[in-house]
**Student:** 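Dumping the structure here so I can ask a few things about it.
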Amino acid sequence: MRETIFTVSTDREQVEIFCNWSEKYKTDFNLPELKKFQDMTLESVCKFLIKNYHTERGEIILRPSIYYEMTQTLGHGLDCDDAFIFMTALMRSVNIPKEYILVCEASETVGGDFVHIFAALETRKKILWLDNLPGCKFGKLNYARECVRLTKFSEYA
């Protein structure tokens, strides 16, 4: 397996890498084994990501096809950044405009460091939260709103 090492200095640089990977690897969803995700509801995809959440040692960033392969061979994927890339790449693969996809960074306390990332979908009427942590409820924000920083995917990729 090929290994590429990225060094980042800021949260923004890290998120930019995640979003660029999502854009680059959205074509993974054209593979026969991943094509089915394009026909699933967002709720079903969230349930898949929650079921396959696994805390990793160190930091490994996976493209969607490798994440999915891990779920099949190991019985789990990896953590929030990998699930974020999977979800946003999927949304881009079905042509959801970048401007409607939100990057959600969450901290455990107001003013704390951002320790979690997930996607949301902005609609005309509301924000559909697509959190991937076990115990999260589909469509609901599982953090205090003042602990979440929102930016548009289009600002990064």
Side-chain angles (χ1 to χ4, degrees), residues 1-96 98 101-108 112-121 127-143 147-151 153 156-157:
M1 185 183 311
R2 184 172 165 221
E3 180 180 307
T4 303
I5 298 174
F6 295 95
T7 303
V8 297
S9 301
T10 65
D11 290 343
R12 181 171 180 80
E13 288 175 348
Q14 186 172 9
V15 172
E16 187 171 19
I17 288 171
F18 298 163
C19 292
N20 284 319
W21 269 47
S22 298
E23 195 65 24
K24 180 178 181 178
Y25 294 118
K26 66 186 176 187
T27 56
D28 282 8
F29 290 96
N30 295 329
L31 297 169
E33 62 272 21
L34 270 71
K35 192 96 175 127
K36 65 184 176 187
F37 287 97
Q38 292 179 328
D39 295 325
M40 292 170 66
T41 65
L42 287 174
E43 184 172 10
S44 295
V45 176
C46 276
K47 286 180 181 177
F48 168 81
L49 293 171
I50 289 168
K51 176 183 170 212
N52 288 289
Y53 185 90
H54 186 78
T55 303
E56 62 190 341
R57 293 175 198 244
E59 190 60 67
I60 302 168
I61 310 299
L62 301 176
R63 64 186 286 177
S65 60
I66 296 173
Y67 180 95
Y68 180 74
E69 183 180 321
M70 284 182 69
T71 68
Q72 302 305 293
T73 58
L74 298 177
H76 62 77
L78 286 179
D79 66 6
C80 63
D81 45 16
D82 307 295
F84 171 81
I85 293 167
F86 191 97
M87 178 62 85
T88 54
L90 173 61
M91 288 193 286
R92 292 294 299 134
S93 80
V94 295
N95 298 316
I96 293 176
K98 294 176 186 182
I101 300 170
L102 297 175
V103 176
C104 309
E105 297 169 90
S107 64
E108 294 175 352
D113 291 337
F114 294 107
V115 295
H116 181 49
I117 188 168
F118 58 97
L121 185 60
I127 295 175
L128 182 63
W129 307 98
L130 306 170
D131 203 342
N132 50 54
L133 282 179
C136 289
K137 301 273 191 257
F138 172 76
K140 304 288 183 202
L141 181 59
N142 298 287
Y143 292 85
C147 292
V148 178
R149 175 169 59 195
L150 297 178
T151 51
F153 183 93
Y156 303 98

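We use all heavy atoms of the structure for the numbers below, so side chains are in, but hydrogens, waters and symmetry mates are not.
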**Student:** With sequence neighbours left out, what residues match Thr27 under side chain to side chain contact (heavy atoms under 4.5 Å, CB included)?
**Tutor:**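 Testing Thr27 for side chain to side chain contact (heavy atoms under 4.5 Å, CB included), a comparison that skips the adjacent residues, returns Asn30.
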**Student:** Report the residues that fulfil side-chain hydrogen bond (donor to acceptor under 3.5 Å, both in side chains) with Arg92, sequence neighbours left out, ordered by chain and then residue number.
**Tutor:**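 Expected list: Glu23.
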**Student:** With sequence neighbours excluded, what pairs up with Tyr68 under the ring-ring contact (aromatic ring centres under 6.0 Å, His included) test?
**Tutor:**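 Tyr68 satisfies ring-ring contact (aromatic ring centres under 6.0 Å, His included) with Phe37 only.
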**Student:** Using side chain to side chain contact (heavy atoms under 4.5 Å, CB included) as the criterion, list what pairs up with Leu150, not counting sequence neighbours.
**Tutor:** Leu102, Cys104, Ile127, Trp129, Arg145, Val148
**Student:** At what distance, to the nearest 0.5 angstrom, does CH2 of Trp21 lie from OG1 of Thr88?
**Tutor:**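 Reported value, rounded in 0.5 Å steps: 12.0 Å.
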**Student:** What's the separation between atom CG in Asn52 and atom CE in Met70, rounded to the nearest 0.5 Å?
**Tutor:** 9.5 Å
**Student:** Does Gln38 have any side-chain hydrogen bond (donor to acceptor under 3.5 Å, both in side chains) partners at least two apart in sequence or in another chain, and if so, which?
**Tutor:**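 Expected list: Lys35, Ser93.
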**Student:** Among all residues two or more places apart in sequence or in another chain, which pass the salt bridge (charged side-chain N to carboxylate O under 4.0 Å, His left out) test with Asp81?
**Tutor:** none
**Student:** Please identify each residue that fulfils side-chain hydrogen bond (donor to acceptor under 3.5 Å, both in side chains) with Tyr143, with sequence neighbours left out.
**Tutor:**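 Counting only residues at least two positions away or on another chain, Tyr143 forms no side-chain hydrogen bond (donor to acceptor under 3.5 Å, both in side chains).
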**Student:** Any Lys/Arg nitrogen of Arg12 or Glu16 sitting under 4.0 Å from an Asp/Glu carboxylate oxygen of the other?
**Tutor:**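 No, no charged N to carboxylate O under 4.0 Å.
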**Student:** Using the test salt bridge (charged side-chain N to carboxylate O under 4.0 Å, His left out), find all partners of Glu33 that sit at least two apart in sequence or belong to another chain.
**Tutor:**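 So Glu33 forms no salt bridge (charged side-chain N to carboxylate O under 4.0 Å, His left out) with any residue.
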**Student:** State which residues pass side-chain hydrogen bond (donor to acceptor under 3.5 Å, both in side chains) with Asp28; sequence neighbours excluded, sorted by chain then number.
**Tutor:**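 In terms of side-chain hydrogen bond (donor to acceptor under 3.5 Å, both in side chains), with neighbours along the sequence ignored, Asp28 is linked to Arg63, Ser65.
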**Student:** In chain order, what residues pass the ring-ring contact (aromatic ring centres under 6.0 Å, His included) check against Tyr67, with sequence neighbours excluded?
**Tutor:**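 With neighbours one apart ignored, the set is Phe86.
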**Student:** I'd like to check the side chain to side chain contact (heavy atoms under 4.5 Å, CB included) partners of Thr55; sequence neighbours left out, ordered by chain and number.
**Tutor:** Tyr53
**Student:** Identify all side-chain donor-acceptor contacts of residues 130-142 below 3.5 Å with residues at least two apart in sequence or on another chain.
**Tutor:**
residue	atom	partner	partner atom	Å
Asp131	OD1	His116	NE2	2.6
Asp131	OD1	Leu133	N	3.4
Asn142	ND2	Lys140	O	3.2

